[in-house]
Amino acid sequence: MLIFRCNFADVLSGLVAGTVERFAHASFIERWKFVAGFLILLCSIATIVNAEPTVDQQIDQAIHQHLQTLMNKQAAEKNWQGMRLVLVNTPLTSTNKLTPCPTKIKVSGGNATKLSREQLTLECSGMKGWPIKVSSDMQVFLPIVTSTAVINRGETIQRNQLQTQETDIAKLQRGFYHRATEIIGMGAKRRIRANQILSPDLIDQPQLIKRGEKIKIIANRDGISASMPGEALEKGGEGEVIRVKNLSSGKTIEAKVIEAGVVTSTF
């Protein structure tokens with residue numbers, strides 16, 4: 001919607017100052033041409049000032065503001081920068097007979113974690129034909145990390161092998177990385193193609209336990225917790241199950257890595 005505002009006193013004074021002499025010496029026909037042109041100008045300005053958005057424009061604006069607010073909260077929680085929304089709205093209720101809403105349209109529904117098609121309810125208080133249902137296809141574009149060249153399996157990832165590219169994250173079911181610093185220095189779990197989106201399943205997570213390292217084994221059973229010294233027989237990252245040796249009993253067991261130097265038995 002184009003909004004034009006001016007001080008008509010200033011406009012009139014400017015017009016008078018600049019044209020009074022020409023107007024005084026103009027012919028009768030020229031004077032009427034000037035008056036007619038001036039009236040057309042005033043009508044055009046009034047039309048622009050009083051222009052109102054259509055119902056469809058109001059719907060698009062209300063939905064964009066609603067979903068933008070939802071996504072901004074998620075972006076703040078995950079420290080996302082440079083997020084951009086693209087929406088395609090399809091009314092499920094006919095809007096042909098609706099008149100523009102004189103108040104703010106209330107929008108309900110939507111889930112920022114779904115990142116997909118949303119069904120929303122829009123209401124204009126006291127107006128006939130409302131509320132209406134609208135389906136909104138949401139695309140969420142965000143700079144994410146991709147590879148600049150082939151990264152071979154087992155290779156340590158370097159800064160010059162990474163770049164960011166704006167991508168619709170709603171389609172990335174395997175996850176993604178928003179910043180290169182999240183994975184610099186980690187290893188490639190498998191071969192990564194050039195320009196491939198990097199997801200957690202492609203990256204070897206940091207090794208919290210090294211083979212041969214002395215560790216603490218925590219055992220929990222029936223509400224009772226006990227710890228004992230152990231030795232790692234394999235390396236492992238958080239959440240991985242590795243073989244460890246209980247130095248108290250001499251037995252070899254499987255345990256899950258929960259933090260650096262600490263595992264919990266799986267029995």
Side-chain angles (χ1 to χ4, degrees), residues 74-81 111-116 140 142-165 167-267:
Q74 183 168 347
E77 292 173 358
K78 298 187 177 183
N79 199 23
W80 288 346
Q81 300 292 328
N111 187 340
T113 61
K114 286 176 58 179
L115 301 182
S116 59
V140 183
L142 192 70
I144 65 169
V145 181
T146 65
S147 57
T148 60
V150 172
I151 303 175
N152 293 311
R153 178 181 178 183
E155 187 177 346
T156 300
I157 298 173
Q158 307 295 326
R159 179 65 184 88
N160 61 1
Q161 296 174 308
L162 305 174
Q163 63 185 354
T164 56
Q165 180 178 336
T167 304
D168 179 11
I169 64 174
K171 299 178 180 180
L172 303 182
Q173 302 300 322
R174 294 184 175 181
F176 60 90
Y177 293 99
H178 181 43
R179 294 178 174 80
T181 52
E182 297 178 78
I183 53 176
I184 292 174
M186 295 187 184
K189 187 179 293 185
R190 54 178 63 90
R191 186 178 184 273
I192 299 172
R193 304 185 309 275
N195 298 312
Q196 184 173 354
I197 295 171
L198 299 182
S199 54
D201 62 318
L202 297 174
I203 308 299
D204 264 332
Q205 300 303 313
Q207 299 300 304
L208 299 181
I209 291 179
K210 299 179 181 179
R211 182 180 178 182
E213 180 182 350
K214 296 298 186 288
I215 59 173
K216 178 169 70 173
I217 302 172
I218 298 177
N220 295 286
R221 174 174 289 183
D222 299 329
I224 300 176
S225 178
S227 63
M228 59 215 72
E231 179 182 341
L233 302 180
E234 296 174 313
K235 66 178 181 179
E238 184 177 0
E240 293 183 321
V241 176
I242 62 174
R243 292 183 304 116
V244 300
K245 183 177 182 180
N246 184 332
L247 296 180
S248 297
S249 65
K251 294 182 179 181
T252 297
I253 62 172
E254 289 188 336
K256 179 185 293 186
V257 179
I258 57 174
E259 60 180 271
V262 182
V263 300
T264 180
S265 59
T266 58
F267 60 84

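Position 1 is the first residue of the sequence; numbering continues from there. Heavy-atom basis, side chains included; hydrogens, waters and symmetry copies ignored. Source: prediction; values computed, not measured.
- Summarising the geometry, atom OG1 belonging to T148 is positioned 9.0 Å from atom CZ belonging to R159; distances are rounded to the nearest 0.5 Å.
- The backbone N or O of G175 sits nowhere less than 3.5 Å from a side-chain atom of S199 that would complete a donor-acceptor pair.
- The two residues P200 and R174 come nearest to each other via the heavy atoms CD-O, 3.4 Å.
- For the atom pair CD (E231) and OG1 (T252), the distance works out to 9.5 Å, reported to the nearest 0.5 Å.
- Taking each heavy atom of Y177 and L198 in turn, the nearest pair found is CD1-O, 3.4 Å.
- No side-chain heavy atom of Q158 sits under 4.5 Å from any side-chain heavy atom of I151.
- Summarising the geometry of P229 relative to N246, their closest heavy-atom pair is O-OD1, 3.8 Å, with the distance given to 0.1 Å.
- We find the CD1-NZ distance between I242 and K256 to be 12.5 Å, quoted to the nearest 0.5 Å.
- In this structure, I197 and Q165 have side chains that are not in contact, with every pair of non-hydrogen atoms separated by 4.5 Å or more.
- For N152, there are no side chain to side chain donor-acceptor pair (under 3.5 Å) partners at least two apart in sequence or on another chain.
- Contact check for F176 versus T167: no side-chain heavy atoms found under the 4.5 Å cut-off.
- Residues R179 and Q81 come closest through the heavy atom pair NH2-CG, 3.4 Å.
- By the 4.5 Å heavy-atom criterion applied to side chains, H178 and N79 are not counted as neighbours.
- The number of heavy-atom neighbours closer than 6.0 Å to NZ of K189, taken from other residues, nucleotides and ligands shown, is above 12.
- The shortest distance between side-chain heavy atoms of I209 and V244 does not fall below 4.5 Å.
- Here the shortest heavy-atom pairing between L115 and V140 reads CD2-CG2, 3.7 Å.
- S265 places no side-chain N or O within 3.5 Å of a backbone atom of I217 that could act as its donor or acceptor partner.
- When every heavy atom of K214 is checked against every heavy atom of L247, the shortest pair comes out as CD-CD1, 4.0 Å.
- Between I203 atom CD1 and I183 atom CD1 the span is 4.5 Å, to the nearest 0.5 Å.
- Salt-bridge formation is detected for the pair R243/E234: a Lys NZ or Arg NE/NH1/NH2 atom is positioned less than 4.0 Å from an Asp or Glu carboxylate oxygen.
- Between L233 atom CG and K245 atom NZ the span is 7.5 Å, to the nearest 0.5 Å.
- Taken to the nearest 0.5 Å, the NZ atom of K235 stands 10.5 Å off from the CZ atom of R211.
- Looking at heavy atoms from C-beta onward, L202 lies in side-chain contact with Q196 at the 4.5 angstrom threshold.
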Next item on the list: Decide yes or no on side chain to side chain donor-acceptor pair (under 3.5 Å) for S147 and Q161, but give the supporting numbers first.
Entry: CA-CA 6 Å; S147 57; Q161 296 174 308; over 6 Å; no
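- Here the side chains of Q207 and E240 are in contact, with some heavy-atom distance below 4.5 Å.
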